[in-house]
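Worksheet: one structure, shown below.
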Amino acid sequence: MSQIRAAITAVHGYLPDYKLTNQELETMVETNDEWITSRTGIKERRIIKEQGVGTSKIGVESVKGILEKSGTKPEEVDLIICATVTPDHVFPATANLIAKETGCVNAFGFDMSAACSGFIYGLTTGAMYIQSGNYKKVIVVGADKMSSIINYKDRATCIIFGDGGGAVMLEPSTEDVGVVDSIHKSDGNGVEYLWMKAGGSKFPATHESVDNDEHYVYQDGKTVFKFAVTNMADYAAKIMEKNNLTAEKVDWLVPHQANKRIVDATSNRMGIGEDKVMMNIERYGNTTAGTIPLLLWDYEKQLKKGDNLVLAAFGGGFTWGAIYLKWAYDSK
Ligand code: UT7
């Protein structure tokens, strides 16, 4: 019997309409377009402006899109995994809200917290359910409403993050396509370099925690940068070596969009040219778990069945890793 692999059979994304440009940020904090562009590659990001709209909206719209594209009835979906650090509520899981709103009444679901590596952790997890043979339709969502935890007075973080995300459908395939291999790592020594300190069980919300801005993202950018550059590049190279993938055989690098300089270091290490690197950071900024599905959505039309993709990410935790997958379909 041939091996079952989890193939991505549809992808869709969602972005709010509002564009927060570098020019508008110049009016909010002491910064400028030149600094932001040269240090990060970002020109604008999307922001959810409506009150009472959370991350689930991004997931719901993305899931509706993939159900329609793949001709799937909502009740056929077995599992929804939602990678996010900005769940609608501390509990229950945002995956449950997405299932309810999309009519996926037979699906079970859970959230995955791995910050910017959330989508690749979720993809590997979803692939395992498919490979078990017991689940036929698994949806992996990567979505974040980062504007809900960003301090728009802190120029070290507010210029980086945006709202958005996407989702993929995973289905079993016995063809030579789908998720081939993955390597993941985490290291809790990185916790305090990139985190939201309060609001969990250790430091529940108090007047003091709000006054001290502890419900916002804190990032020690320089330290995170150092670890991100090394680990994203190392793990992208590792997955290539492990699978005998030469630079010529890699069709696309799909890198988490944290900073163009980190992506350049990764593609240099892999020995691949810019023409094989998916990028959209200039338009959306860093959407945390949302960046990789948004890239797949943006580049879907350029992807061909059998293309070799290397996905790589690094994020808070620290968390990081890489996935090797073969694209499963030609775009119509
Ligand atoms: O996605 C999850 C993982 N996250 C990442 O991978 C992010 C990794 N880190 C980074 O991408 C970069 O560290 C940043 C883009 C966040 C910052 O770039 P940097 O080159 O590391 O800048 P820096 O923090 O060392 O700051 C350099 C200077 C400082 O001024 P002095 O001390 O040299 O006078 C900052 O105060 O730039 C200043 N600065 C700014 N200036 C204008 C910091 N933020 C800004 C700003 N506008 N927004």
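Both counts, for ligands and for their atoms, begin at 1 and track the order of listing. The analysis underlying the following values was restricted to heavy atoms, covering all of them including side chains, and did not include hydrogens, waters or symmetry mates.
At a 4.0 Å heavy-atom cut-off, ligand 1 touches I262 through the side chain alone. For E30, every heavy-atom contact with ligand 1 shorter than 4.0 Å involves the backbone, none the side chain. For W35, every heavy-atom contact with ligand 1 shorter than 4.0 Å involves the side chain, none the backbone.
For atom 9 (N) of ligand 1, the closest non-hydrogen atom of the protein is G221 O, 3.1 Å. For atom 21 (O) of ligand 1, the nearest non-hydrogen atom of the protein is K222 CG, 3.8 Å. Considering only non-hydrogen protein atoms, atom 2 (C) of ligand 1 sits nearest to C116 SG, 3.1 Å. In terms of protein heavy-atom proximity, atom 1 (O) of ligand 1 is closest to N286 ND2, 2.7 Å. Regarding atom 46 (C) of ligand 1, its nearest protein heavy-atom neighbour is T31 OG1, 3.3 Å. In terms of protein heavy-atom proximity, atom 3 (C) of ligand 1 is nearest to V224 CG1, 3.7 Å. Among protein heavy atoms, the minimum distance from atom 36 (O) of ligand 1 is reached at R155 NH2, 2.9 Å.
By the criterion of side-chain heavy atoms lying less than 4.5 angstrom apart, applied directly or through intervening Ile, Leu, Val, Met, Phe, Trp or Tyr residues, M112 is not grouped with I98; the two fall into different hydrophobic clusters. Linking Ile, Leu, Val, Met, Phe, Trp and Tyr residues whenever their side-chain heavy atoms come within less than 4.5 Å places V277 and M270 in a single cluster. Side-chain heavy atoms closer than 4.5 Å link hydrophobic residues (I, L, V, M, F, W, Y) into clusters, and following such links, even through other members, never connects M169 to I130. Residue Y218 is not grouped with residue I160 when hydrophobic side chains (ILVMFWY) are merged at heavy-atom distances under 4.5 angstrom, including chains of intermediate members. Side-chain heavy atoms closer than 4.5 Å link hydrophobic residues (I, L, V, M, F, W, Y) into clusters, and following such links, possibly through other members, connects V168 to L294.
Atoms of ligand 1 found under 4.0 Å from any heavy atom of H256 (numbered from 1 in listed order, with element): 1 (O), 2 (C). For ligand 1, the atoms closer than 4.0 angstrom to any heavy atom of F225 are 8 (C), 9 (N), 10 (C), 11 (O), 13 (O). Close approach of ligand 1 to I160 (heavy-atom distance below 4.0 Å) involves ligand atoms 16 (C). Atoms of ligand 1 lying under 4.0 Å from at least one heavy atom of A258, given by number and element, are 1 (O), 5 (C), 6 (O). Near N259, meaning under 4.0 Å from one of its heavy atoms, ligand 1 places the atoms 10 (C), 11 (O), 12 (C), 15 (C).
Under the 3.5 Å distance criterion, with hydrogens and angles disregarded, no donor-acceptor pair is assigned to the side chains of K185 and N231. Side-chain contact of H215 with S209: a donor-acceptor pair under 3.5 Å is present, judged by distance alone. In this structure, a donor-acceptor pair under 3.5 Å is present between the side chains of D298 and Y284. For the residue pair S62 / H12, no side-chain donor-acceptor distance below 3.5 Å is found, with atom types taken as modelled. Q219 and T157 share no side-chain donor-acceptor pair at under 3.5 Å. Side chains of K260 and T40: no donor on one and acceptor on the other come within 3.5 Å. Side-chain atoms of D33 and T37 include a donor-acceptor pair closer than 3.5 Å.
For atom 29 (C) of ligand 1, the nearest protein heavy atom is 4.0 Å or more away. In this structure, atom 48 (N) of ligand 1 has protein heavy atoms in its sub-4.0 angstrom surroundings. For atom 24 (O) of ligand 1, the nearest protein heavy atom lies 4.0 Å or farther away. Not a single protein heavy atom sits closer than 4.0 Å to atom 34 (O) of ligand 1.
By the 3.5 Å distance cut-off applied to N or O atoms, A156 is not counted among the residues near ligand 1. For the pair T40 and ligand 1, the shortest N or O to N or O distance does not fall below 3.5 Å.
Counting heavy atoms only, Q219 comes closest to atom 4 (N) of ligand 1 of the residues R261, K226, M232, Q219. Between K260, M146, R39, it is R39 that holds the heavy atom closest to atom 20 (O) of ligand 1.
Taking the charged nitrogens against the carboxylate oxygens, D88 and K57 have no contact shorter than 4.0 Å, which rules out a salt bridge. Salt bridge present: D181 and K242 bring a charged side-chain N and a carboxylate O closer than 4.0 Å.
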